[in-house]
Amino acid sequence: MEQKYSPKPIENKWQKYWDDSRIFEVSEDTAREKYYLLEMFPYPSGRIHMGHVRNYTIGDVVARFMRMRGYNVLHPMGWDAFGMPAENAAIKAGTHPAKWTYENIAYMRNQLRQLGFSYDWSREIATCDPSYYRWEQLFFLKMYESGLAYRKSSYVNWCAKCQTVLANEQVENGVCWRCDTPVIQKEMEQWFFRITHYVDELLENTMKMEGWPERVLVMQQNWIGKSTGSKLLFPLESGEGSIQVFTTRADTLFGATFLSLAAEHPKVLELCRGKAQEADVLDFIQRAKQSKRNEREAGMLEKEGVFTGSYCINPMTGRKMPIFVANFVLMAYGTGAVMAVPAHDQRDFEFAKKYDLPIQVVIKPSGQEQAARAEELTRAEEEYGVLVDSGEFTGMESEAARIAITEFLAKKELAELTVQHRLRDWGISRQRYWGTPIPMVYCEKCGVVPVAEKDLPVVLPLDVELLANGGSPLPVHKPFYLATCPKCGGEARRETDTMDTFVESSWYFARYSCPDFDKGPLDKERVEYWMPADQYIGGIEHAVLHLLYSRFFVKVLRDLGYLKVDEPFKNLLTQGMVIKDGFKMSKSKGNVVDPDIMIKTYGADTVRLFCLFAAPPEKDLDWSDQGVEGSFRFLSRLWRLVCENIDKMKSVSPVGEAENLSTELSGLRRKTHQTIKKVTEDIRERFHFNTAIASVMELVNQVYQVLESSRNDPLLWPVAREAVEAVIVLSSPMVPHICEELWQTLGHDRLLIDTPWPQWDERALKAEEILIIVQVNGKLRSRISVPADATDKDIEKISFADPRITEFIGDKKVRKVVVVPKKLINIVI
RNA sequence: GCCUGGGUGGUGGAAUAGGUAGACACAAGGGACUUAAAAUCCCUUGGGGCUUGCCCCCGUGCGGGUUCGAUUCCCGCCCCAGGCACCA
């Protein structure tokens, strides 16, 4: 055995062994309990980064741990392989996205292999493979049939640089999430998935998903943004038609003095036609459309508007209300029109002050003597209260009045109670090349026609020339866009938009259960065995996007009959970022640590150990080169412990049940079993690998001490061997290569990964003497050692006999004595 | 503004059910081994005090409270990170 720990040959040896023996390949086994552990699959960007290393290390520990505990563990890996970076890189390097992608996959697969992860590679998926995306196209057809996929013209978020549409979730602070270009609004025909159809279920389930972090659920709830209110109709003064608004404050209707419409509101043009204000309105609309989304943010844009020249009537007061177009009203929320109550809404207040519009107070905030006077208001009073100056509703509480007023108007068919959501349908059309083709054709005669199921997949052509400006080549690639109409057989044009890549990642986890199945997207029996994933692990940055889409997609697949689960991921762990020098690792900050170099210098086990030890998984991890050194040092210390004593340890069996051990040796034995208990519980209950590792380190430290202090004790080696074997088995999910090697060195034939997880011995945990803390008035004053079976009374007696304690008590009266069994006594004087 | 987390040594972090605050590591300092260095091993390491004792006082963002006892629970405040934000 090598005297010095050199990871490279060991890691190569075991990785090869694991590969050759296909030890991590699993199959369905209904006799055993399954455990599906999944980490978010990576985008094949070129090489893995430390965030991946951390994510996949955490997952690997859990997978190996669960396997050793007897579960039938599915632990797959694959590639989120469609996406724009492939196109950009291809243009830049003069290559093809497919070539670029597959080369990256090959490189990254090897990187993952070198980290020793226990994946079942036979289930590997690349989403850009037609054998994968063909089923996605089938889902699209089924969704189209059932109305869950539809086409509409709407204003969409457009990134000029990426030359494509973005989903709302991909717009961050008004700029493109990928390239930071300000996003503009553009009207386009787009395909949408009707995620709003599931809005109630998506929201309700967040209330009962106990295995998910609270903050992710809260983020999703905020994103869905449920809001209960009323839809009210305001008849136009002209007598022709009316305008519908959404409001949560129908109780303030008597205070509504004007109406504000979004610039894109369909009635705007009609309202100003032929009026003196027409030119101003048109000009205003023009400017509003050009204004970038980020300028619409709070505070950044002053409230502005323009009178349309038309009026409507307040259905309660009969008062004439001027209709404005205002820059702060969003077409995409509610009805694109709001009733303005300047006394009780800050935005309306500012607008009214600016354009000198009437302010009418109709709510007296609770706890206030008098209602405010309109002319004295310096800001709107937005809180609930009691209605004033509101006809027959005067004196009612806001909450009750909100409903009463709506019901009153409902009788005249002017109102209804309703619920609004912030969540909007998911626009999935992308004007990109490297994505899943949308299986639709446009026929002059028949219109929009779905591709026949038997003609799937619509294969993305690989023989294209990429355009230098970044736009998609598909619309100019004749062999692709020329199609025959499935209905009439005539000439037709194929849809050249591709799907948002989030569609692929919305169902890949189900496909892992049967990646080779070619009779349909999902093999019922297998998918029912494995789904849902028991544990999903990934970055918090997907809290809304990927995780919400996946939840939606699973409901769709369930309703289409492909799946039986309601939610894809039973438990979710969101790991923190990897930080260096106070910043997230990034090329622009120049603080990236290359996993390849780390593996080369220290070995995979050291890198894994550091990732686990430096912080609990949900927290950010501060990368520290010295910390990595420390992890390497620990593994070297463990290596030495075995190799320096191998002859002595090999010649004995680990102690089983030990009588008559010296204090030191029974102490070590106790520590061994305490450690088994601690590591088991830290991994099983909390995923706190850092404290699990700390306790293993303590055990190693104690073994070294006892080796010294009990050098001549004949029972030393059996006890030491038990301790060392515990260290190896307990560490093996975290640092599998070194442990497998040491395990073999100690003479075991069976692989560690096939060795059952150890069970601690309750009897070994028990000490003969236990330490009791003695407090006087809550302050630590002494420590006493008592027999383990000492009663509270005994502890009290021994404590009062302690000279240090008697000194503290002196001649003062003992007022109270609190004893915490087997732990602590507090004497109050 | 609203909603989540969080604030503990020089640093990363422990303290899982209200019961020894600072486990485990990193860094720093001192020592041993060595011709020397590396590696390794041992000791010290929250602040202060003196009577140097396995002593005393202070200490978990700040101010209060509950309790025999609070890093942990409650109330008020400050700061940091993340999310949402002209959503009617």
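Letters A, B, ... are given to chains in the order of the sequence lines, protein chains preceding strands, and every chain is numbered from 1.
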Review point. Under 4.0 angstrom, heavy atoms only, what part of the nucleic acid is Arg684(A) near: base, sugar-phosphate, or nothing?
Key: nothing
Dump the pairs, protein N or O against N or O of nucleotides 32-34 of chain B, anything under 3.5 Å, distances to one decimal.
none

Check your understanding: Do Arg637(A) and Asn701(A) get their side chains close enough for a donor-acceptor pair, meaning under 3.5 Å?
Key -> yes
Review point. Got a donor-acceptor pair under 3.5 Å from the side chain of Asn222(A) to the base of C84(B)?
Key: no
Check your understanding: Using the C1' atom in both, what is the distance from C79(B) to G29(B), to the nearest Å?
Key -> 34 Å
Practice item. Using a 4.0 Å heavy-atom cut-off across all strands, classify Gly630(A) as base, sugar-phosphate, or nothing. Key: sugar-phosphate
Revision key, fill the gap. From the candidates U40(B), A88(B), A25(B), the one with an atom nearest any side-chain atom of Asn701(A) is A25(B)
Exercise for review: Mind checking Phe610(A) for me? I need base, sugar-phosphate or nothing, with any heavy atom below 4.0 Å counting as a touch.
Suggested key: nothing
Check your understanding: What's the closest nucleotide to the Val218(A) side chain, out of C41(B), C24(B), C3(B)?
Key -> C3(B)
Point to revise | Pairwise side-chain contact, Val329(A) with Phe324(A), heavy-atom cut-off 4.5 Å (strictly under) | key: no
Practice item. Pick the P atom in A37(B) and in G31(B), then give their distance to the nearest Å. Key: 12 Å
Point to revise | Out of A85(B), A15(B), C56(B), whichever nucleotide has its closest atom nearest the side chain of Arg422(A) | key: A85(B)
**Study point:** Separation of the P atoms in C58(B) and C43(B), to the nearest angstrom
**Key:** 31 Å
Exercise for review: Quick one: look up who A81(B) pairs with, Watson-Crick or G-U, both distances under 3.5 Å, and put none if it's unpaired.
Suggested key: U4(B)
Review point. Does A25(B) have a Watson-Crick or wobble partner in any strand here, with both distances under 3.5 angstrom, and which is it?
Key: U11(B)
Practice item. Name the nucleic acid region contacted by Gln346(A), choosing base, sugar-phosphate or nothing; use a 4.0 angstrom heavy-atom cut-off, strictly under. Key: nothing
Review point. Out of C87(B), U20(B), U4(B), which has the shortest distance to the side chain of Glu214(A)?
Key: U4(B)
Review point. Taking the nucleotide of RNA chain B with the closest heavy atom to each, which residue, Ala337(A) or Glu629(A), is nearer the 5' end?
Key: Glu629(A)
Study note, to complete from the structure: Heavy-atom nearest nucleotide on RNA chain B taken for Arg215(A) and for Val828(A); more 5' hit belongs to Arg215(A)
Check your understanding: Arg815(A) near the nucleic acid: base, sugar-phosphate alone, or nothing, with a heavy-atom cut-off under 4.0 Å?
Key -> nothing
**Study point:** Whole-Å P distance, C26(B) and A17(B)
**Key:** 29 Å
Review point. Any side-chain N or O of Arg804(A) under 4.0 Å from OP1/OP2 of C56(B)?
Key: yes
Could you list, one pair per line, each protein nitrogen or oxygen that sits under 3.5 Å from a nitrogen or oxygen of nucleotides 11-13 of chain B, together with the distance?
unit_1	atom_1	unit_2	atom_2	d
G12(B)	O2'	Ala614(A)	O	2.7
G13(B)	O3'	Asn690(A)	ND2	3.4

Check your understanding: Do Lys303(A) and Phe351(A) meet the cation-pi criteria used here (NZ or CZ under 6.0 Å from the six-membered ring centre, within 45° of the axis)?
Key -> no
Check your understanding: If you check every side-chain atom of Tyr333(A), which of A88(B), C84(B), G5(B) has the closest atom?
Key -> A88(B)
Review point. What interatomic distance, in whole Å, is found between C1' of U45(B) and the corresponding atom of G10(B)?
Key: 10 Å
Check your understanding: How far does the C1' atom of G9(B) sit from the matching atom of A23(B), given to the nearest Å?
Key -> 13 Å
Review point. Counting only Watson-Crick or G-U wobble pairs whose two distances fall under 3.5 Å, which nucleotide matches C86(B)?
Key: none
Review point. Rounded to the nearest Å, what distance is computed from the CZ atom of residue Phe634(A) to the P atom of nucleotide A39(B)?
Key: 19 Å
Exercise for review: Return the value, rounded to whole Å, for the distance between atom CH2 of Trp223(A) and atom C1' of A85(B).
Suggested key: 11 Å
Review point. Yes or no on salt bridge (Lys or Arg N to Asp or Glu O under 4.0 Å) for Asp802(A) and Arg804(A), after CA distance, side-chain angles and deciding distance?
Key: CA-CA 5 Å; Asp802(A) 185 335; Arg804(A) 287 190 32 77; 5.4 Å; no
**Study point:** Which nucleotide in G19(B), A27(B), U20(B) has an atom nearest any side-chain atom of Lys823(A)
**Key:** G19(B)
Check your understanding: Where the side chain of Glu698(A) is defined as all heavy atoms beyond and including C-beta, which of C56(B), U20(B), A23(B) is the nearest nucleotide?
Key -> A23(B)
Point to revise | Euclidean distance for P, C73(B) against A85(B) (whole angstrom) | key: 31 Å
Review point. Between G47(B) and G22(B), how far is it from one P atom to the other, in whole Å?
Key: 14 Å
Practice item. Look through every strand shown and name the nucleotide pairing with A38(B) as Watson-Crick or G-U wobble, where both distances are under 3.5 Å. Key: none
Check your understanding: What is the pairing partner of A17(B), taking Watson-Crick or G-U wobble pairs with both distances under 3.5 Å in any strand?
Key -> none
Practice item. Please tell me which of the listed nucleotides, A15(B), A27(B), C68(B), lies nearest to the side chain of Asn826(A)? Key: C68(B)
Review point. Nearest-Å distance, CZ (Phe808(A)) to C1' (C57(B))?
Key: 11 Å
